[in-house]
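Numbering of residues begins at 1 and proceeds along the displayed sequence. Read the numbers this way: they start at 1 and go in the same order the structure lists the ligands and their atoms. Values below: all heavy atoms of this structure, side chains included; hydrogens, waters and symmetry mates excluded.
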Amino acid sequence: MYANKSIKPRVLVIHTGGTIGMQPSENGYTSVDGFEELVREKLDQSVHDTLPEFDLVELDPLLDSANLSPESWSTIASKVIEHYAQYDGFIVLHGTDTMAYSASALSFQLRGLSKPVIVTGSQIPLYELRNDALDNLITALIIAGFHPVPEVCIYFNGRLLRGNRSRKIKATGLDAFDSPNYPWLGQVGIHIELHSGLIRPAGTPQLAAANYQPGAVAMLPIYPGLPQSVIKATLTDKQIRGVIIQSYGVGNLPNHDKELMKLLEGAGKAGKVLVNLSSCLQAQVLHGTYATSAGLDKIGIVSGGNMTPEAAYSKLHTLLANSTNSEHVTALMQQDLCGELDQSSTSSSHSASSGSI
Ligand code: ASP
């Protein structure tokens, strides 16, 4: 907590869109103007003395997060970077659908944070009488303003989660987010309880919005009967420089599918970065646990360990935006850059690279 309570911390709220600021329309929920007025009305600062001071900026246009792209991740990061020196903490209001992607992408662009960046939103709009928006917003403001959490987090329904470990697990439940492969950083009930041993220490900020290349990364989910045309289209596309393969269990692929294995080997030889991730909610890829994954290292596929798909996808996008050296990128995919990965969870044979991106 801040020692001197007479100086109020200042938080910048960056509103990107999402349910939190939506209203019903003929076409379903859609973003509307006037969100800041509504927030100010609900959080009258002359009354709510315990809140930090805050300013609110809106992205134009406000978007349903289903419409966000990697370029949007860069726009959000740029807003934080532009105002980094002026505020004590940041809140990103965001739709829930792709919140885990954006939170992950922000963590790779905003490394070594010394201030909190808390991503939140809601399942029910603030405009509705019964909502989860007000509590999520108030608690995020208090955490961003008063608590030492120098990382990109998602705060949602009483849970403070590391952004790049988070996943949307429920479409309509208010407890929509969890981090199945990492403990919560904190929980909020009557008290705000933070697990300080799990929270990253303040670092030396290395803040850089990435110049994302559209179409540089693809995800390839593996399932029984996956058509060869889909595999081929993904693995031979020249624009695609990296592929996140979502395999079974601990990283098993249908290795009897000779055509698949040939295409994977060819893609590796052509310089594509190939990362093997599990499609299980809680998992860690360990090549060689079964014969079905024993030969993958040899053909250039590396383990993504226990990263979430959202973290692996946005990490690979960010690394490829910053480097044309696919070996360097492959090595970094196996390294923990900002808490996204348990280092022991990759069978890394590329430990020589520095963590600089
Ligand atoms: N479709 C919305 C969005 O992601 C859902 C939400 O915010 O809950 O923007």
Near Gln123 (heavy-atom distance under 4.0 Å), the atoms of ligand 1 are 8 (O)
Do the charged groups of Lys315 and Glu340 touch, with an N to O distance under 4.0 Å?
yes
Please work out which of Leu63, Asp97, Thr172 has its closest non-hydrogen atom nearest to atom 2 (C) of ligand 1.
Asp97
Any salt bridge linking Lys168 with Asp97? Criterion: basic side-chain nitrogen under 4.0 Å from a carboxylate oxygen.
yes
Are Arg10 and Asp55 ion-paired here, with the side-chain N under 4.0 Å from a carboxylate O?
yes
Under 4.0 Å from any heavy atom of Gly18, which atoms of ligand 1 are there?
7 (O), 9 (O)
Are any of the N or O atoms of Thr19 closer than 3.5 Å to those of ligand 1?
yes
Does the N or O separation between His94 and ligand 1 drop below 3.5 Å for any pair?
no
What orientation do Tyr313 and Tyr101 show, parallel under 30°, tilted 30 to 60°, or perpendicular over 60°?
perpendicular
Side chain to side chain contact (heavy atoms under 4.5 Å, CB included) with Ser122: of Leu174, Leu93, Ile20, only one passes, and it is Ile20
Considering distance alone, does some N or O of Thr98 sit under 3.5 Å from an N or O of ligand 1?
no
Which bit of Ser122 is near ligand 1, meaning a heavy atom under 4.0 Å away: side chain, backbone, both or neither?
backbone
